[in-house]
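Just below is one structure, and these are the notes that go with it.
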Amino acid sequence: MAFHGNGMIDPFGRAISYLRVSVTDRCDFRCTYCMAEDMTFLPKRDLLSLEELDRLCTVFIEKGVKKLRLTGGEPLVRKNIMHLVRQLSRHLESGALDELTLTTNGSQLSRFAAELADCGVKRINVSLDTLDADKFHAITRWGNLTKVMEGIDAAQAAGLKIKLNAVALKGFNDAELPDMLRWANGRGMDLTVIETMPMGEIDADRTDQYLPLSLLRADLERQFTLTDIPFKTGGPARYVEVAETGGRLGFITPMTHNFCESCNRVRLTCTGTLYMCLGQEDAADLRAPLRQSEGNELLSNAIDEAIGRKPKGHDFVIDRRTRRPAVSRHMSVTGG
């Protein structure tokens, strides 16, 4: 194996220890800032099988990945997804992997929460932008807030720690975020707010939705005492402690303050394409070397070559002059 256990180091000296795997580009929601209502999905034959996904993840783990996050689309709509989770859990048992986790919209959690916990998943991220049922239906187009709330209940009952992710959308949920923070922290959940990112053609105008988190933070500080803390979960969020709730609030700010200098992440899609940066088009095809050989040497070499081209950072811009998304693929392809 390349690097002989020293792991994957990119051209800027960053160790790549975090792999995000989109197990499907499909979703049972159509969130307005993420997808068009009428999405064309990948043909099923292009998808890696669950066995191939397992093999790919295993090679990454052998090469130094310590944290693995399953995303989508909605990961829990992939057929037999729990079989993959169960397979990957062997790396938790062996100690090769520190954490196996997933990001979900919560719609399927009431079905799968107990089994996720049984597979050694300790915490999950649930994407939730509003606690208002009508607004929830409006932004997800197809979603049902009651089902998501049942899912959150089931996950907490199963002992899973939950972090809520909310995309900050001007004029949609900005006024509601203080209440969401109180609600989340009151139930022992951290809340992370995320700036909207220019990815894929959607039906809305992102300039109208874009809310810099520096403004949101200033607004929140009118009613909360926020103290910066060094807490990290392995991703890009910067956290503050909220004195009034005793909980934590995270900010993910790809637009106003990118966090590229410490990026430890790469992203694998459900077709075996590796994106070295969420905000760049450069990618490597791992499906061909995966399928060309029974052994993993070709695959390992392809990964090394790709990590060797990981860029320093992304070029996200949202303004009136930049009508085109920074990258043409939708967020649902690489799973955030």
- Query: Picking from T104, L88, T101, what satisfies side chain to side chain contact (heavy atoms under 4.5 Å, CB included) with L70?
  - Reply: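 With L70 as partner, side chain to side chain contact (heavy atoms under 4.5 Å, CB included) holds for just one option, L88.
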State, to 0.1 Å, how close [X] and [Y] come at their nearest heavy-atom pair, and which atoms those are.
X    : Y    : value
C27  : M35  : CB-CE, 3.6 Å
R55  : N296 : NE-OD1, 2.8 Å
C277 : H314 : SG-CB, 3.7 Å
P11  : I307 : CD-O, 3.3 Å
Y275 : D282 : CD2-O, 3.6 Å
S89  : L100 : N-CD2, 4.2 Å

- Cation over ring face, K310 and F12, 6.0 Å, 45°: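 Judged by the rule (NZ or CZ under 6.0 Å from the ring centre, within 45° of its axis), K310 is not positioned above F12.
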- Quick one: ring pair (Phe, Tyr, Trp, His ring centres under 6.0 Å) partners of Y33, sequence neighbours excluded? none
- Item | side-chain contact (heavy atoms from CB on, under 4.5 Å) between R78 and L84, worked out | CA-CA 10 Å; R78 172 89 195 238; L84 177 64; over 6 Å; no
Partner residues of [X] under the salt bridge (Lys or Arg N to Asp or Glu O under 4.0 Å) criterion, sequence neighbours left out:
X    : answer
D228 : R217
R329 : E281
D219 : R222
D28  : none

- Message: Going by side-chain contact (heavy atoms from CB on, under 4.5 Å), name the residues that satisfy it together with R86, two or more places apart in sequence or in a different chain.
- Response: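 R86: side-chain contact (heavy atoms from CB on, under 4.5 Å) contacts with E115, D118, C119.
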- Query: With sequence neighbours excluded, what pairs up with T32 under the side-chain contact (heavy atoms from CB on, under 4.5 Å) test?
  - Reply: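 So T32 forms a side-chain contact (heavy atoms from CB on, under 4.5 Å) with I139, R141, Q209.
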- Query: Regarding T24 and E74, is there a side-chain donor-to-acceptor distance under 3.5 Å anywhere?
  - Reply: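 There is no such pair between these side chains.
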- Message: Testing the 3.5 Å rule here: is there a donor-acceptor pair between the side chains of R238 and T253?
- Response: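 Checked: R238/T253 side chains show no N/O donor-acceptor pair below 3.5 Å.
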- Query: Is it true that atom CD of E297 has more than 12 heavy atoms of other residues, nucleotides or ligands lying nearer than 6.0 Å?
  - Reply: no
- Message: For K312, I'd like to know if atom NZ has over 12 heavy atoms of other residues, nucleotides or ligands within 6.0 Å.
- Response: no
Linking I/L/V/M/F/W/Y whenever their side-chain heavy atoms sit closer than 4.5 Å, directly or via other members, would [X] and [Y] fall into one cluster?
X    : Y    : value
Y18  : L53  : no
I61  : L286 : yes
M180 : M149 : yes

- Item | Pairs involving residues 285-294, ordered by first then second residue, that meet side chain to side chain donor-acceptor pair (under 3.5 Å) (sequence neighbours left out) |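 For residues 285-294, and leaving out neighbouring residues, the side chain to side chain donor-acceptor pair (under 3.5 Å) pairs sorted by first residue read E52-R291.
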- Task: Return each pair, listed once, that meets salt bridge (charged side-chain N to carboxylate O under 4.0 Å, His left out) where at least one residue sits in residues 181-193; pairs must be two or more places apart or across chains.
- Result: D153-R187, D179-R182, D190-R248
- Message: Quick test of your reading: applying salt bridge (charged side-chain N to carboxylate O under 4.0 Å, His left out), list the pairs with at least one residue in residues 119-133, sequence neighbours left out, ordered by first then second residue.
- Response: E99-R123
- Message: By the ring-ring contact (aromatic ring centres under 6.0 Å, His included) test, which pairs, at least two apart or in different chains, include something from residues 219-239?
- Response: F231-Y239
List the atom pairs, donor and acceptor, that lie under 3.5 Å between side-chain atoms in residues 40-47 and the rest of the protein, sequence neighbours left out.
none

- Message: Quick one: does any side-chain atom of E241 pair with a main-chain N or O of I229 as donor and acceptor, under 3.5 Å?
- Response: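 Not at all, since once roles are kept as given, no pair shorter than 3.5 Å links the two residues.
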- Message: Less than 4.0 angstrom from a charged side-chain N to a carboxylate O is my criterion; do K170 and D174 meet it?
- Response: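 No.
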